[in-house]
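Only one structure is covered here, and it is reproduced in the block below.
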Amino acid sequence: MSDVNVGDKSKKGVNIIAALVIVVTCGAFFFIDVPGGLTVRLIDVVELAMAAVVMKNCLIAPKVRTGLFPPWLFMVYCFFFALLILCPVLGIVVYDFEMGLMASSFRFMSFALLVWFCFQLKIDGRQASKGLQRALVIAVVANFIYAVLQKMEFRGIIPWGALPHHYVTLWYQDAKFADWGRTNGLFLNPNKLGWLGVTSYCVFFVGCLHGHRWHKLLAMISILLALLSNSRSAIFTILGVTTVIIFVLAAEMVARGKSKKIVVVRIVELILLQTAGGYTIWQRYAPLFKIKRVMRFVRVASEGTQVDTSFTARIQGHWQNGLNAVQLYPWGTGVDPVACVGVI
């Protein structure tokens with residue numbers, strides 16, 4: 001009976017983590033505006049549920065509050081958590097910001113709260129890892145399908161305005177759809193789709209080196225997410241991450257006693273596969289993925305910032321905004337700085 005209970009609890013932990021990741025990666029379209037300039041998202045509701053579980057467990061079993069961590073680490077944790085609560089309150093009181101700006105700060109609390117939540121429900125690292133992988137499979141496939149539909153809409157294959165994300169802009173003005181033909185997937189910003197691609201690529205590329213066949217396909221789809229989003233930071237990060245992961249995991253596999261020949265074969269196979277895929281995309285699908293926009297960022301080094309208007313805006317406009325913000329708020333804003341001083 002005990003083994004059955006342990007197995008059930010393990011599955012429960014995996015499913016909880018998977019559900020949380022799916023909400024974060026696929027739930028951006030679900031939100032509602034409430035009075036006071038506050039936007040309540042689906043993830044906010046999930047965070048409130050997590051907070052309720054943590055508070056309930058603390059009240060029922062007070063010892064769990066300090067039993068989860070060593071005393072010194074618990075003090076650091078409490079100090080960090082208190083800052084997450086105190087800073088936005090001080091920002092609103094001192095600078096007279098809107099109450100709604102506390103929402104973004106509240107979301108940062110979920111990262112700290114998630115650690116406590118997992119400890120209280122006895123979700124270990126292995127369960128969390130398995131849940132993350134399971135959720136990323138769903139998130140990557142779902143976002144890829146929707147991103148392809150968006151790209152088909154850009155190309156005129158699907159009538160413009162037919163997809164449901166257009167209705168999101170009626171309530172959420174900050175959503176960046178139809179941005180240079182970049183796709184968002186199930187996010188409100190193409191850069192977030194690109195960084196989902198980076199995150200999932202890191203996870204599935206490791207699986208590729210360990211011989212998981214399906215992970216090769218999922219890693220390629222993750223690369224396509226970054227390309228479809230046209231997020232240059234995500235694309236160049238994938239290139240850098242690939243290099244680092246290959247050498248780190250190759251050394252680890254050799255240290256564990258695996259044949260050097262097998263390791264070399266897998267690395268060469270992956271490099272050739274990605275090189276062939278990249279060359280095909282470059283030659284046949286450059287307009288579709290807007291490769292020229294990506295390469296403008298590279299040309300800045302030799303031709304100057306004038307070849308890239310986006311880069312120029314960051315250097316001449318956003319950088320100056322950042323310097324002005326430091327003078328206006330030397331101790332920080334306490335809340336989301338983008339909402340106070342604009343993009344920096």
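All residue numbers in this chain count up from 1 along the given sequence. For clarity, every value in this text was computed on a predicted model and none was experimentally measured.
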Group every Ile, Leu, Val, Met, Phe, Trp and Tyr by side-chain heavy-atom contacts under 4.5 Å, then state whether Met152 and Phe144 land in the same group.
-> yes
Working to the nearest 0.5 Å, report the span between CD1 of Ile223 and OH of Tyr201.
-> 4.5 Å
Looking only at heavy atoms, the pair that brings Asn191 and Ser231 closest together is OD1-OG, 3.3 Å
Could you state whether Val140 and Leu217 fall into the same hydrophobic cluster, counting links through intermediate Ile, Leu, Val, Met, Phe, Trp or Tyr residues with side-chain heavy atoms under 4.5 angstrom apart?
-> yes
Search all heavy atoms of Ala226 against all heavy atoms of Ala234 and return the closest pair with its distance.
-> CB-CB, 4.3 Å
Quick check: does any side chain N or O of Asn184 sit under 3.5 Å from a backbone N or O of Leu186, one acting as donor and the other as acceptor?
-> no
Please report the closest heavy-atom contact between Ala139 and Thr25, naming both atoms and the distance.
-> CB-OG1, 3.1 Å
Could you give the distance from CD1 (Ile235) to CG (Leu225), rounded to the nearest 0.5 Å?
-> 11.0 Å
OG (Ser200) and CG (Asn143) are apart, to the nearest 0.5 Å, by 9.0 Å
Give a yes or no on whether the backbone of Val203 and the side-chain of Gln133 come within a donor-acceptor separation of less than 3.5 Å.
-> no
How far does CG of Leu228 sit from OG1 of Thr183, to the nearest 0.5 angstrom?
-> 4.5 Å
What distance do Leu132 atom CG and Ile22 atom CD1 have between them, rounded to the nearest 0.5 Å?
-> 10.5 Å
Relative to the ring of Phe154, is the ring of Trp160 parallel (under 30°), tilted (30 to 60°) or perpendicular (over 60°)?
-> tilted
Would a hydrophobic clustering, with Ile, Leu, Val, Met, Phe, Trp and Tyr connected at side-chain separations under 4.5 Å, put Val93 with Val335?
-> yes
Mind checking whether His165 and Tyr146 have ring centres under 6.0 Å apart?
-> yes
Do Trp331 and Leu83 share a hydrophobic cluster, counting only Ile, Leu, Val, Met, Phe, Trp and Tyr and linking them when any side-chain heavy atoms are less than 4.5 Å apart?
-> no
Verdict with supporting geometry, Ile92 and Asp96, side chain to side chain contact (heavy atoms under 4.5 Å, CB included) = CA-CA 5 Å; Ile92 290 172; Asp96 197 27; over 6 Å; no
Residues Leu193 and Ala147: closest non-hydrogen pair is CD2-CB, 4.2 Å
Counting N and O atoms only, with roles assigned by atom type, does the side chain of Asn15 sit under 3.5 Å from a partner on the main chain of Gly131, one being a donor and the other an acceptor?
-> no
Do Leu218 and Val148 share a hydrophobic cluster (ILVMFWY, side-chain heavy atoms under 4.5 Å, transitive)?
-> yes
Are side-chain heavy atoms of Leu136 and Leu196 found at a separation under 4.5 Å?
-> yes
Keeping the roles fixed (side chain from Glu153, backbone from Gly161), state whether a donor-acceptor pair exists under 3.5 Å.
-> yes
Measure from the side-chain N and O atoms of Arg182 to the backbone N and O of Pro190, and report whether any donor-acceptor pair falls under 3.5 Å.
-> no
Please check if the distance between the ring centroids of Phe204 and Trp214 is under 6.0 Å.
-> no
Side chains of Trp195 and Ser233, donor plus acceptor under 3.5 Å = yes
dist Leu227:CG -> Lys151:NZ (nearest 0.5 Å) comes out at 10.0 Å
Tyr95 vs Leu90, side chain to side chain contact (heavy atoms under 4.5 Å, CB included): CA-CA, chis, key distance, verdict | CA-CA 8 Å; Tyr95 298 117; Leu90 289 176; over 6 Å; no
